[in-house]
Amino acid sequence: MKVTEITDRALLALQGPAAERVLSALDPKAAAMRFMDVATLTLDGVEAWVSRSGYTGEDGYEISVPADQAEALARALLAHDDVEPAGLGARDALRLEAGLCLYGHDIDAATSPVEAGLTWAIQKVRRPGGARAGGYPGATIIEQQLDADAPRKRVGLLPEGRAPMREGVTLFASETSTDPIGTITSGGFGPTFGGPVAMGYVARPHADTGTKLFGELRGKRLPLSVAKLPFVPAHFKR
Amino acid sequence: MKFTEEHEWLREEGDLIVVGITEHAATQLGDIVFVELPEVGDTVSKDDEIVVIESVKAASDILAPLDGEIVEVNEALADAPATVNDDAMEAGWFFKIKPSDLSPMDDYMDEAAYKKLID
């Protein structure tokens, strides 16, 4: 197999409930696509590789175009009344509310998919008992964790007060305990949720939904509880 | 009224100084969702980090502009932190300090100098 890195294209994301209406005005084929479908569309004269996906938890499209035509297409999309520019801060708030992992924060080379709750990414045929089981990097530990569970789990965390708890906040089982049981890997204010939200890793005995924990913020232990992800339901076009 | 380079405003009220952040700073921070204030009775030193402001974008610290004692804090901000966005220069004040040394006031900017800073 040969993998060729493509370096001359740029990626735009058009996300939200109006995305279908806006994009299908440029190419009607956009409307027929379902979540994760990929198609080549012609948008404002530009050949675009489009997938109905994104990293916001909302319906929308990711649009790959030749880099030298990206600005013109972005401006054509922004000319629509329903389209506004959104930066990384907005995207980060949305993906956190959607419970989606950010690489380098919620997952990295030291995280297993069992800890991270990402076992959906392991094909059935590669799992224990499958026709082509094992034989991939990390298979030994992943198979062991699929069987006996992981020592720590990624969970949603809901601060009880108004203070956002961000990446790096250490978690404790009680107000007085000395040994940390986990840490926040992403956190902030969820504008759609309407309050502070976070996610992080906690030791398995503390990972059940509803478990009360404390996060140490500026020297104070503040209460939070383990919560189901996502904080805002996904609106994919299934 | 005086202004610091940290975008605080300082208004004299009798022998107290009322402190808040400027409209410019509030706009730059974006939607403010949480404000942590000092305790009434705290003795603070100039440049101590005594207020934490959290916006949707980031957390930032506000420094004590003077040495002194905190005599009043704006309790309303606990439930309505967005007041800082809506009315930064009046209703969005943070705390009142009884200064023990007023000399740094001479180094702070007047309104014209501050306007120049943010232009």
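Note that the coordinates shown come from a computational prediction; the quantities given were computed from them, not determined experimentally. All values below come from the heavy atoms of this structure, side chains included, with hydrogens, waters and symmetry mates left out. First the proteins, then the strands, lettered A, B, ... as listed; each starts at 1.
Environment of CD in Glu167(A): crowded, with over 12 heavy atoms of neighbouring residues, nucleotides or ligands closer than 6.0 Å.
Residue Pro164(A) touches chain B through both its backbone and its side chain, counting heavy-atom pairs closer than 4.5 Å. Residue Ala163(A) touches chain B through both its backbone and its side chain, counting heavy-atom pairs closer than 4.5 Å. Residue contact with chain A, scored on non-hydrogen atoms closer than 4.5 Å, involves the backbone and the side chain of Ala59(B) alike. Using a 4.5 Å cut-off between heavy atoms, Val35(B) does not touch chain A at all.
For the residue pair Glu69(B) / Thr43(B), no side-chain donor-acceptor distance below 3.5 Å is found, with atom types taken as modelled.
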Exercise for review: Please assess Asp149(A) against Arg204(A) for the test salt bridge (charged side-chain N to carboxylate O under 4.0 Å, His left out), listing each intermediate value before the final yes or no.
Suggested key: CA-CA 8 Å; Asp149(A) 211 348; Arg204(A) 184 64 195 86; 2.8 Å; yes
Practice item. Go through the steps to decide whether Arg21(A) and Asp82(A) satisfy the test salt bridge (charged side-chain N to carboxylate O under 4.0 Å, His left out), and finish with yes or no. Key: CA-CA 9 Å; Arg21(A) 189 166 69 244; Asp82(A) 287 336; 2.6 Å; yes
